[in-house]
Number of protein chains: 2
Amino acid sequence: MSERRSRTHRKRGYHHGDLAEAMSNVALKLIAEFGPAGFTLAEVARVIGVSAAAPYRHFKDREALIAHIASRGFEKFTAALEQAWNEGKPDPTTAFMNVGRAYLQFAENEPAYYAAMFEARLPTDLQQDVTDASTDAFAVLRRAVETLIADMPKAKRPPAMMVALHVWSLSHGIADLFGRNNPNAHPIPMEPEDLLEAGVLIYLDGLGLPLESSKKG
Amino acid sequence: MSERRSRTHRKRGYHHGDLAEAMSNVALKLIAEFGPAGFTLAEVARVIGVSAAAPYRHFKDREALIAHIASRGFEKFTAALEQAWNEGKPDPTTAFMNVGRAYLQFAENEPAYYAAMFEARLPTDLQQDVTDASTDAFAVLRRAVETLIADMPKAKRPPAMMVALHVWSLSHGIADLFGRNNPNAHPIPMEPEDLLEAGVLIYLDGLGLPLESSKKG
DNA sequence: CTGACATGTAAAGGGTTTTTACATGAACTG
DNA sequence: CAGTTCATGTAAAAACCCTTTACATGTCAG
């Protein structure tokens, strides 16, 4: 990948070398500043310093580029959650909290990806592709929940799907309302990460999950 | 209000009668379909059947109109939550659940207002106005929480602010991800309202709040 | 070396938004 | 009820931009 790029990158004459990649990068910057609806392919071309028609060789239109970015974003997101989960080590509860932190950190560190993933208004077919790409990310969370509640007695064990939806929703809500260092967001008296951690701990307690601290203690 | 409108509405000649109101209504329809970034003042004018320059008599630009709609939306939202809370009757827990339902119902019944309120990307000064307008709505939730936890022993009582933030975030997360009958959202095996209710009940249980059913029952 | 294909350019076509100068008529005043 | 005023709408022009089409370039395979 970078091989081909460096090879063609040497001579920057008529051909750019890796315009598609450059477009993604520029679009990410524009999305971060103006949102998924706040840029055009012509503007991307201008920033890169290429003719206005060039982008159309690589993406059918603006929405195709956004969909591409959103899908790539979900891949990175999935990887980040997976790494945070780390197969449930050192223990499921701690690992689960790490997943929550990773969720918010992704939204903060990659606000443009996050916006493309959750904030874009795409036509049905493209949006479906993006939604499909999100499946893997949700699966990470769901499997983590399954591990987390595996030790509970069957009678008291909640549906993993429901728990995953609750945690996903709370995480997304916090990210959207208070994360992504939005300068105009409502000020809150704690860090988003801590707000999420507290919320999840209370919720897990409400589920009757024996937490590590009180279990092993 | 409707008095003046009906009076001037009779003759529909050169002057429209209440163009500002008509603009809000048309913009809401366009926002519902294409999002806050998906329309222009010229398009609004065209739909209404008025010249392209007319809107500028009433709003400085597109963003001013969105900000106006967002602020009006928060007023309606506040009223809806207040009515659902109904001074904590019949009992705080039930009333609190009603607030949660009202939250999601507002997002479903008024998706355009909701989008303008939470999804718009406005310049700092306008966004600040909208954020200010949201304060009253959050205050309703916060006061409800205060009532809800008032009976808890002081030592076990959580900060009302934190609880309100958790519930707000969960509500918004569910609304954004699964509410607003988005045809491409991830399918989930329950209604958003029920998902929220279950989540809040579990959370309140985790807080150690004595729920009505187990308290009075 | 040569031909074919991917990639980029130039320029034109089509559409749109916003501004400016002017027109209209509703409401007040006497 | 006539005259004046001012908010409100129109028309037209200026500016901007996106997208497409026909053409140019350079890379790579044979």
Side-chain angles (χ1 to χ4, degrees), chain A residues 1-27 30-31 33-68 120-123 126, chain B residues 1-27 30-31 33-68 120-123 126:
Chain A
M1 194 200 286
S2 70
E3 180 195 339
R4 185 196 162 204
R5 187 180 173 191
S6 63
R7 191 157 15 136
T8 50
H9 225 193
R10 265 181 294 176
K11 287 204 173 180
R12 280 283 210 89
Y14 197 91
H15 289 68
H16 178 276
D18 200 344
L19 187 53
E21 180 76 11
M23 285 174 64
S24 286
N25 293 334
V26 169
L30 293 174
I31 291 171
E33 194 163 2
F34 306 107
F39 75 97
T40 62
L41 287 193
E43 192 174 355
V44 170
R46 210 175 311 129
V47 172
I48 296 177
V50 85
S51 81
Y56 293 87
R57 297 290 181 193
H58 300 273
F59 294 95
K60 181 173 164 268
D61 54 23
R62 207 183 61 92
E63 287 166 333
L65 174 55
I66 294 176
H68 172 81
R121 300 238 177 181
L122 299 174
L126 290 179
Chain B
M1 192 201 281
S2 70
E3 180 194 342
R4 185 198 163 204
R5 189 181 174 189
S6 63
R7 192 156 19 133
T8 50
H9 226 194
R10 264 182 295 176
K11 287 201 176 183
R12 280 284 211 89
Y14 197 92
H15 288 68
H16 179 275
D18 200 345
L19 186 53
E21 180 76 11
M23 284 174 65
S24 286
N25 293 333
V26 169
L30 293 173
I31 291 172
E33 194 163 1
F34 306 108
F39 74 97
T40 63
L41 287 193
E43 193 173 356
V44 169
R46 207 177 313 128
V47 171
I48 296 177
V50 85
S51 80
Y56 292 88
R57 297 287 181 194
H58 299 272
F59 294 94
K60 181 172 164 270
D61 54 23
R62 208 182 61 91
E63 287 166 332
L65 173 56
I66 294 176
H68 172 80
R121 300 239 177 180
L122 299 174
L126 290 179

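Predicted model only: the values in this text are computed from it and were never measured. Protein chains get the first letters and strands the later ones, always in sequence-line order, with residue 1 at the start of each.
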Exercise: identify the closest heavy-atom pair between B:Ala27 and B:Leu65: CB-CD2, 3.8 Å
Pairwise 5' ranking along DNA chain D for A:Arg62 and B:Ala53, keeping only the more 5' one: B:Ala53
d([atom1], [X]; [atom2], [N]) in whole Å:
X	N	atom1	atom2	value
A:Glu21	C:dT7	CD	P	14 Å
B:Phe59	C:dT17	CZ	C1'	18 Å
A:Met23	C:dG8	CE	C1'	13 Å
A:Asp61	D:dC17	CG	C1'	16 Å
B:Glu43	C:dT16	CD	P	9 Å
B:Tyr56	D:dA11	OH	P	17 Å
A:Arg46	C:dT9	CZ	C1'	16 Å
A:Arg57	D:dA24	CZ	C1'	11 Å

Can A:Phe34 and B:Arg121 be said to form a side-chain contact (heavy atoms from CB on, under 4.5 Å), step by step? CA-CA 7 Å; A:Phe34 306 107; B:Arg121 300 239 177 180; over 6 Å; no
If you only use heavy atoms from C-beta on, which nucleotide in C:dT17, D:dT10, C:dT18 is closest to the side chain of B:Val50? D:dT10
Proximal nucleotide (of C:dT17, C:dT9, D:dG9) relative to the A:Ala54 side chain: C:dT9
Evaluation steps, side-chain contact (heavy atoms from CB on, under 4.5 Å), between A:Arg57 and A:Leu19: CA-CA 9 Å; A:Arg57 297 290 181 193; A:Leu19 187 53; over 6 Å; no
Roughly how far, to the nearest 0.5 Å, is the CD atom of A:Glu21 from the CD1 atom of A:Ile48? 10.5 Å
On the nucleotide C:dT17, are OP1 or OP2 found under 4.0 Å from the side-chain N or O atoms that B:Thr40 carries? yes
Looking at B:His58, does any N or O in its side chain come under 4.0 Å of the phosphate oxygens OP1/OP2 on D:dA7? no
Got A:His58 and A:Ser24 here, is their nearest side-chain heavy-atom distance under 4.5 Å? no
A:Leu41 versus A:Met23: any side-chain heavy-atom pair under 4.5 Å? yes
Could you please spell out the steps behind the side-chain contact (heavy atoms from CB on, under 4.5 Å) verdict for B:Glu33 and B:Phe39? CA-CA 9 Å; B:Glu33 194 163 1; B:Phe39 74 97; over 6 Å; no
Axial bend angle, the helix from C:dC1-D:dG30 to C:dG30-D:dC1: five-pair end segments, nearest 10°: 20°
